[in-house]
Amino acid sequence: MKIKFLLVLASFFFFLNACSKDDNQAVAGLETPVANAPKEVNDHGFKAKWNYVSNSKSYLLDVSTNENFTTFVPNYNAKPVTDLNEVVVGLTGGTQYYYRVRAKTETEISGYSNVISVVTTGSSNIPEDPTFLKVKANKLANPFFIGMAIKASQLTNGSPYDVILKNEFSSISAEYEMKMDQISTASGVYNWTVADKIVAYGNTNNINVHGHALVWHNSVPTWLKNYSGTDAEFAAEVKKYITDVVTHYAGKVKSWDVVNEAVDDNGGAMRNTIFLQRMGANYVKDCFQWAKNAAIAAGDTKLLLFYNDYATSTNIPKQDKVFSIVDDLKANNLIDGVGFQMHNTYLSPTKAQIETDLNRAVAKGLKIHVSELDIQVNQSNDITAFTNERRLAQKEKYKEIVKIYNGLPAASKYALTVWGMKDNESWIPFSTELNHPGDDWPLLYDSNFAIKSSHTGFLEGLD
């Protein structure tokens, strides 16, 4: 009986010890919480939200007016919260705030969550800054081009587009009309009419012209898609096209996106395009070599050659692959800069993600073109009208991106180009690539050509 008692007692202590170990292991592995977008934003507060963390007993909430959290909003420095949300109150209207959260047990505290940005609402009647963008940019110690994507139909003298372009912008990119399927109608046969109009408009009005784009998988003309010659003959056709276009616009177009979007979105591989299939893995380098040779032969030794792509700030495998291509081009002295499209949302990418992405190009001594900037505010289709909250959040995101760009070394800055003029003419709501679920308001001007808060945010980024 005594032996049985001892065995039961030993089993009991073993059970307690095992439970204790499990608890300690769980605590030691306390996960970092994920903060979510705020809800119920108003003039004086908002609801901060975050995901549940296993084993946590409570959460510690920080709210600050700066994303480095060097100061805190009163009462919101590690404020204990037992729920998965907290209504933050006592704030100032129309002001930028940031929040983060940690999980907590009796003895352990997790790392900090991601930082969430939120702008409290305020009066929508505050007048916007009417200063012209290029005027302010040209007063900088190290000025750069302020660009906009355009269509030839917008370039009628005296039209609202024309007036805004001449007042505000120092560079233009053709939204679509200088791509291969718009210019090339057959082998060695070209329709220059529309592209010539765009280039002449820029040259006549002392506006820089950026060529977009020589090679892109979504703008292959039908005759080249169906080309029945050998792969070597296919490559010769691409070479001829690049050579002829660069020669035709020598001295008139100051820069070209030579290859656009050559990297796949998944796995950091080359995109499986007709160019890869028929020209091989070195086709990007070949295209850059042909563009450079054509420029030199035409006496255009100042032509700048760019590689252009999207979503590299958040997709790290894609970013790595892009820069492996860039490294190869740089090693062969074929590239001058990188185009970062920046079709962003008001929530993403973060400031740190954008800086990391751009700084990789800076470190390589390359010029940077923020080439297709717009900022979605309705990517989740959760609003049916452009709310005051989203207006202010978009303003802050434009300000953030422009400020990042403005802070780059002088030698790295080329142009910051907004992808379109008016919200109602943006490509975003109609994009099959984005599969955008509804309306959006991503640009600097509304449907009536009036400047928005995003325009003011852009200007503030130039301070």
Side-chain angles (χ1 to χ4, degrees), residues 133-134 137-138 143-152 154-155 161 164-166 168-180 182-183 192 194-216 218-219 242 245-262 287-288 291-292 294-295 298 300-310 326 329 334-343 358 361 366-374 401-402 405 408 411-421 427 443-444 458:
L133 299 176
K134 74 176 181 182
N138 286 339
F144 51 88
F145 292 124
I146 305 295
M148 197 189 81
I150 52 87
K151 302 177 181 72
Q154 299 169 338
L155 305 181
Y161 300 99
I164 290 173
L165 277 169
K166 289 174 181 175
E168 295 259 40
F169 296 93
S170 51
S171 182
I172 53 174
S173 303
E175 187 172 21
Y176 198 90
E177 292 160 318
M178 289 179 71
K179 293 187 169 80
M180 187 185 286
Q182 301 297 293
I183 292 175
W192 302 109
V194 177
D196 278 356
K197 179 180 178 180
I198 291 169
V199 174
Y201 179 88
N203 292 172
T204 300
N205 293 293
N206 196 32
I207 297 174
N208 178 71
V209 181
H210 175 70
H212 177 74
L214 292 172
V215 172
W216 186 42
N218 279 338
S219 65
I242 290 173
V245 173
V246 170
T247 302
H248 183 80
Y249 290 116
K252 298 176 181 178
V253 172
K254 303 300 182 183
S255 54
W256 275 102
D257 290 329
V258 179
V259 178
N260 188 45
E261 301 177 3
C287 292
F288 272 81
K292 183 170 183 175
D300 189 0
T301 58
K302 294 183 179 180
L303 181 67
L304 300 176
L305 304 180
F306 285 78
Y307 174 80
N308 192 58
D309 219 319
Y310 67 91
V326 168
L329 294 169
L334 294 175
I335 189 170
D336 299 289
V338 181
F340 298 85
Q341 292 185 17
M342 295 291 177
H343 295 297
L358 300 187
L366 295 168
K367 292 188 179 298
I368 293 172
H369 183 191
V370 172
S371 56
E372 305 182 20
L373 177 61
D374 44 38
I401 292 172
V402 176
Y405 190 83
L408 296 175
S412 302
K413 291 185 280 193
Y414 177 61
L416 205 164
T417 298
V418 181
W419 205 243
M421 183 176 287
W427 71 290
L443 298 171
L444 303 185
F458 194 115

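All residue numbers refer to positions in the sequence shown, counting from 1.
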When you compare the side chain of [Y] with that of [X], does any pair of heavy atoms fall below 4.5 Å?
| X | Y | answer |
| --- | --- | --- |
| Lys367 | Val338 | no |
| Met421 | Leu444 | no |
| Ser173 | Trp419 | yes |
| Tyr201 | Asn203 | no |
| Ile146 | Glu168 | no |
| Val199 | Met178 | yes |

- Message: Between Tyr307 and Asp309, is there a side-chain donor-acceptor contact under 3.5 Å, judged purely by atom types and distance?
- Response: yes
- Task: Answer with yes or no after comparing the ring centroid distance for Tyr405 and Phe144 against a 6.0 Å cut-off, counting only values under it.
- Result: yes
- Message: Measuring centre to centre across the rings, with the benzene-like ring taken for any Trp, is Tyr249 within less than 6.0 Å of Trp192?
- Response: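 Ring centres of Trp192 and Tyr249 closer than 6.0 Å.
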With rounding to the nearest 0.5 angstrom, report the [atom1] to [atom2] distance, [X] to [Y].
| X | Y | atom1 | atom2 | answer |
| --- | --- | --- | --- | --- |
| Thr417 | Asp374 | OG1 | CG | 11.5 Å |
| Asn308 | His369 | CG | NE2 | 8.0 Å |
| Asn205 | Ser170 | CG | OG | 12.5 Å |
| Phe145 | Asn138 | CZ | CG | 9.0 Å |
| Ile172 | Asn208 | CD1 | CG | 8.5 Å |
| Ser171 | Lys254 | OG | NZ | 11.5 Å |

Heavy-atom donor-acceptor pair, [X] side chain to [Y] backbone, under 3.5 Å:
| X | Y | value |
| --- | --- | --- |
| Asp336 | Leu305 | yes |
| Gln341 | Glu372 | no |
| Lys179 | Val215 | no |
| Lys197 | Ala152 | yes |
| Thr204 | Ala200 | yes |

- Ile242 vs Cys287, side-chain contact (heavy atoms from CB on, under 4.5 Å): CA-CA, chis, key distance, verdict: CA-CA 7 Å; Ile242 290 173; Cys287 292; 3.7 Å; yes
List the atom of [X], the atom of [Y], and the distance in Å for their closest heavy-atom pair.
| X | Y | value |
| --- | --- | --- |
| Ser412 | Leu408 | CB-CB, 4.5 Å |
| Ala213 | Asn260 | CB-CB, 4.0 Å |
| Pro143 | Ala137 | CB-O, 3.3 Å |
| Ala195 | Ile183 | CB-CD1, 4.2 Å |
| Ala174 | Ile198 | CB-CD1, 3.8 Å |
| Ala294 | Thr247 | CB-OG1, 4.1 Å |

- Can you check side-chain contact (heavy atoms from CB on, under 4.5 Å) on Ile368 and Tyr414, steps first, answer last? CA-CA 6 Å; Ile368 293 172; Tyr414 177 61; over 6 Å; no
- Could you go step by step and tell me if Asp257 and Trp216 meet the side chain to side chain donor-acceptor pair (under 3.5 Å) rule? CA-CA 9 Å; Asp257 290 329; Trp216 186 42; over 6 Å; no
- Query: Aromatic rings Phe306 and His210: how do their planes relate, parallel, tilted or perpendicular, breaks at 30° and 60°?
  - Reply: perpendicular
- Test side-chain contact (heavy atoms from CB on, under 4.5 Å) applied to Leu303 and Trp256, step by step: CA-CA 8 Å; Leu303 181 67; Trp256 275 102; 3.9 Å; yes
- Message: By the definition side chain to side chain donor-acceptor pair (under 3.5 Å), identify the one residue from Lys151, Gln154, His212 that meets it with Glu175.
- Response: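 With Glu175 as partner, side chain to side chain donor-acceptor pair (under 3.5 Å) holds for just one option, Lys151.
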- Message: Test side-chain contact (heavy atoms from CB on, under 4.5 Å) on Leu214 and Val246; report intermediate values, then the result.
- Response: CA-CA 9 Å; Leu214 292 172; Val246 170; 3.9 Å; yes
